[in-house]
Amino acid sequence: MNHEKKEVRHVLGLSGGRDSAALAVYMRHHHPELDIEYFFTDTGKELPEVYEFLVRLEGVLGKPIKRLNPDRDFDFWLKQYNNFLPSAQTRWCTRQLKLRPFEEWIKPIVKEGTEVYSYVAIRADEEYREGYSSKHDNLKIRLPFKEEGIDKAGVMEILETSGLGLPEYYSWRSRSGCTFCFFQQKIEWVRLREQHPEAFEEAKRYEKNAVEHGSPFTWTQGEPLSELEKPDRIAQIRSDYEERLSRMKAKSMKNPLRPNQEPIDIDDLYGQSKMCLACHK
């Protein structure tokens, strides 16, 4: 009988975020025998800091990161969805601009019989989050951080010891992904307006157009950006953020084994950790 060995490929998706970058570094150091293909799906609406971080990451990995570009851009899909903005209830942006390009790249590979192992950066302390579900028997999902018990603090240690560090946007925002991501907290919208005013204005234009076409959604729940950017409202958002931060710092227990405390993610302050796995990990 002819028992041909299946061809095997290894892929690892990068979002421009902390966890997926740490996983890439971890796999390079702990599994150098694997020829892993690193890829990034570019929506065309990412933060400038994301692209800069990917260049730094390529230097650490010693190999290029493949760019998967959607065949249709955000504006095309916005029209297809009747100018309705994407939202937590209708995540067409993730489906069309992140998942679809990956599926179109990987589909012919698994269809021809190649076995593909996809490594996903879900941490050991993220029991509530599911990985990308495979739609083909030849696509195998692996969760190394969960298998090895690596949590948020472990991720930070990997980034620090490798010399890569955090993406620059972590100084003001807790997530990678599009500039106008609807999962942003209000303080992140305020900071986007400060850091990238042109991106904030673009988001306002998209929102205004969507509302004029009957969209039930604004970027941030229950409040258009034109209201959020008013000085009194910005002051209120800042005050609320500072109060939450002070309370969380007061509650935090210092770990003597880890004197450098983990950074507090903005979502943690608001008791939410909602995100898109493809965009923010």
Chemist: Going by the angle between their ring planes, with limits at 30° and 60°, are Trp189 and Phe200 parallel, tilted or perpendicular?
Modeler: perpendicular
Chemist: Test your reading of the model: is there a side-chain donor-acceptor pair from Trp172 to the backbone of Gln195, 3.5 Å cut-off?
Modeler: no
Chemist: Between the main-chain N or O of Lys186 and the side-chain N or O of Thr220, is there a donor-acceptor pair closer than 3.5 Å?
Modeler: no
Chemist: Does the Lys140 side chain pair with the main chain of Asp137, one donor and one acceptor, at a distance under 3.5 Å?
Modeler: yes
Chemist: Should we say atom CD of Glu147 is surrounded by more than 12 heavy atoms from elsewhere, each under 6.0 Å from it?
Modeler: yes
Chemist: So does Gln89 get a backbone contact from the side chain of Ser87, meaning a donor-acceptor N/O pair under 3.5 Å?
Modeler: yes
Chemist: Flag the pair Lys107 and Glu104 as a salt bridge only when some basic side-chain nitrogen lies within less than 4.0 angstrom of an acidic carboxylate oxygen.
Modeler: no
Chemist: Let me check something: any side-chain donor-acceptor pairs from residues 64-72 under 3.5 Å, sequence neighbours excluded? List them with distances.
Modeler:
unit_1, atom_1, unit_2, atom_2, d
Arg67, NH1, Glu58, OE2, 3.0
Arg67, NH1, Ile65, O, 3.0
Asp71, OD1, Arg100, NH1, 2.9

Chemist: Would you say Ser239's side chain and Ala235's backbone share a donor-acceptor pair under 3.5 angstrom?
Modeler: no
Chemist: Please tell me whether Glu202 and His196 have a donor and an acceptor in their side chains that are separated by less than 3.5 angstrom.
Modeler: no
Chemist: Hey, is Glu37 close enough to Arg9 for a salt bridge, meaning N to O under 4.0 Å?
Modeler: yes
Chemist: Taking the six-membered ring where the residue is Trp, are the ring centres of Phe180 and Phe74 under 6.0 Å apart?
Modeler: yes
Chemist: Go through it in stages, so that I can follow the logic: the residues are Gln96 and Tyr81, the test is side-chain hydrogen bond (donor to acceptor under 3.5 Å, both in side chains), and I'd like the CA-CA distance, side-chain angles, deciding distance and then a yes or no.
Modeler: CA-CA 11 Å; Gln96 303 297 355; Tyr81 285 89; 3.0 Å; yes
Chemist: Taking only Lys NZ, Arg NE, NH1 and NH2, and the carboxylate oxygens of Asp or Glu, determine whether Glu229 and Arg233 approach each other closer than 4.0 Å.
Modeler: no
Chemist: Is the backbone N or O of Thr218 less than 3.5 Å from a side-chain atom of Glu223, with the two atoms forming a donor-acceptor pair by type?
Modeler: no
Chemist: Less than 4.0 angstrom from a charged side-chain N to a carboxylate O is my criterion; do Glu49 and Arg173 meet it?
Modeler: no
Chemist: Ring-plane angle category for Phe145 and Tyr26, please: parallel below 30°, perpendicular beyond 60°, tilted otherwise.
Modeler: perpendicular
Chemist: Is the backbone N or O of Arg123 less than 3.5 Å from a side-chain atom of Lys152, with the two atoms forming a donor-acceptor pair by type?
Modeler: no
Chemist: Could you give the distance from NZ (Lys6) to CG (Asn138), rounded to the nearest 0.5 Å?
Modeler: 3.5 Å
Chemist: So, are Asp75 and Lys79 salt-bridged, with charged N and O less than 4.0 Å apart?
Modeler: no
Chemist: Using a strict cut-off of less than 4.0 Å between a Lys/Arg side-chain nitrogen and an Asp/Glu carboxylate oxygen, indicate whether Glu46 and Lys98 qualify as a salt bridge.
Modeler: yes
Chemist: Check for me whether Arg191 meets the cation-pi criterion with Tyr241, that is, NZ or CZ under 6.0 Å from the six-membered ring centre and within 45 degrees of the ring axis.
Modeler: yes
Chemist: Between Phe53 and Tyr169 (judged by ring centroids, cut-off 6.0 Å), do the two rings come close enough to count as a pair?
Modeler: no
